[in-house]
Number of protein chains: 2
Amino acid sequence: MESTSTRTDSCAAPPHPHRRPAGQDSYTISEVVAFTGLTAHTLRWYERIGLMPHVDRSHTGQRRYSNRDLDWLDLVGKLRLTGMPVADMVRYAELVREGDHTFGERFELLETTRRDVLARIAELQDTLAVLDRKISFYADAGRLYEQEKTEKAG
Amino acid sequence: MESTSTRTDSCAAPPHPHRRPAGQDSYTISEVVAFTGLTAHTLRWYERIGLMPHVDRSHTGQRRYSNRDLDWLDLVGKLRLTGMPVADMVRYAELVREGDHTFGERFELLETTRRDVLARIAELQDTLAVLDRKISFYADAGRLYEQEKTEKAG
DNA sequence: TATGGCCTTGGAGTGCGCTCCAAGCAAGCG
DNA sequence: CGCTTGCTTGGAGCGCACTCCAAGGCCATA
């Protein structure tokens, strides 16, 4: 994925149960839809905008995805969850296509993303604290409300 | 904010330096822009779609925001960071307007949001792990690359 | 042979969250 | 008075990330 040389990215992904072994890894678009949760429209759109490396075709011109493609889609899915714009992911894909001399730039892009993710987690934890305070306020208020009703009734 | 009764939400916010004391809390839209980072367009749009409680007006019809409004905007800002759709925030605002009998529903909405935020944090930490693996891969690859250059040169 | 299912394409459409525009009003200043 | 600044409004427009459409090809089964 990251490398066009023999030195490939061996740190890619944990094993997936539905995957076929190397050599027989040829999935139709609808299989990939089932695996990833993306729509076929989105998969084709990713290709159009340059977010996918070249995808193999059958003799009738239909897409045939490889394990490598699935790995890439996993990464894209993760990056998408961080809120990274698609344009930035396309940039990363371009760097991968350009070869090993872009290692440095890829490194920096990932580092920046990492910092963004850390900041995002911090923001969310901040928000969580606010939510927790509000939730316990409402829990207390709810108890008081129930109590008042009982007192009025009794 | 949460309550129309005397039992108000006392757990709202840490002190903000730029705020004026109760009684003199009357901010123009451009002041609120400076405080919140939102645009005036967005502030007016929030009002149009029902995301703001009623905002005071000056004798000439200009908006005058209160500390209470700023607290509300802080909360909205936090919820926005969680990715909560604006429509859901509008729903929450409606519940607040409807009065104390919606406490239960507000509680549930916040609880659901809390769970979403926890899930989101977990996703991001997952992504962080992937990024860290890739980053260390590129760090190693970069070192190897430098070494090769040196060997060729030497 | 025909019917259905799965796939192909370029291009148009959608929903969200803003973002901006045109036209106009009120206040302050030289 | 004219000019600038800051605000008002309804409605149109924009960018992103899809999402869908129309029209058609290939092929297996009845």
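Numbers restart at 1 for each chain; the letters A, B, ... are given by sequence-line order, proteins then strands.
Following rounding to the nearest Å, B:Asp88 (CG) and C:dG15 (C1') show an atom-to-atom distance of 14 Å. Atom OH of B:Tyr65 and atom P of D:dT8 are 7 Å apart (whole Å). For A:Glu47 and C:dC7, the CD to C1' distance is 13 Å, given to the nearest whole Å. If you measure from atom CE of B:Met84 to atom P of C:dC16, you get 15 Å, rounded to the nearest angstrom. Taking atom CD of residue A:Glu31 and atom P of nucleotide C:dC6, one finds them 12 Å apart after rounding to whole Å. Rounded to a whole Å, the CG atom of A:Leu51 is 9 Å from the P atom of D:dC18. Atom P of nucleotide D:dC18 and atom CG of A:Leu43 are separated by 11 Å, given to the nearest angstrom. Rounded to an integer number of Å, the gap from B:Met52 CE to C:dG17 P is 17 Å.
The side chain of A:Tyr46 places no N or O atom within less than 4.0 Å of a non-bridging phosphate oxygen (OP1 or OP2) of D:dA17. The phosphate of D:dC27 (OP1 or OP2) has a side-chain N or O of A:His59 nearer than 4.0 angstrom. The phosphate of D:dG6 (OP1 or OP2) has no side-chain N or O of B:Thr28 nearer than 4.0 angstrom. For the OP1/OP2 pair of D:dC7 and a distance below 4.0 Å, the side-chain nitrogens and oxygens of B:Arg63 include no atom meeting the criterion.
Residue contacts shown for B:Arg80 are limited to sugar-phosphate atoms, with no base heavy atom under 4.0 Å away. Using a 4.0 Å heavy-atom cutoff across all strands shown, A:Ser58 reaches no nucleic acid atom at all. Using a 4.0 Å heavy-atom distance criterion, B:Arg44 is classed as a base contact. Backbone-only contact: B:Arg57 has heavy atoms under 4.0 Å from sugar-phosphate atoms and none from a base.
Here the nucleotide nearest the side chain of B:Arg48, chosen from D:dA17, C:dC18, D:dG11, is D:dG11. For B:Pro85, taking side-chain heavy atoms from C-beta onward, the closest of the listed nucleotides D:dC21, D:dT9, C:dG17 is C:dG17. Residue A:Trp45 places its side chain closer to D:dC18 than to any other of C:dT19, D:dC18, C:dG17.
Going from atom CD1 of B:Ile49 over to atom CE of B:Met89 covers 8.0 Å, rounded to the nearest 0.5 Å.
A perpendicular orientation is assigned to the rings of A:Tyr138 and B:Phe103, their planes being inclined by more than 60° (bins at 30° and 60°).
When side chains are defined from C-beta on, A:Leu38 does not count as touching A:Val32, because their heavy atoms never get closer than 4.5 Å.
Ionic pairing of B:Lys78 and A:Glu123 is not present here: no N-O contact between side-chain nitrogen and carboxylate oxygen is shorter than 4.0 angstrom. In summary, A:Asp74 and A:Arg19 engage in a salt bridge, as defined by a charged side-chain N under 4.0 Å from a carboxylate O.
Comparing A:Ser30 and B:Thr39 against DNA chain C, the residue whose closest nucleotide sits nearer the 5' end is A:Ser30. If A:Thr60 and B:Leu38 are placed on DNA chain C by their nearest nucleotide, the residue sitting closer to the 5' end is A:Thr60.
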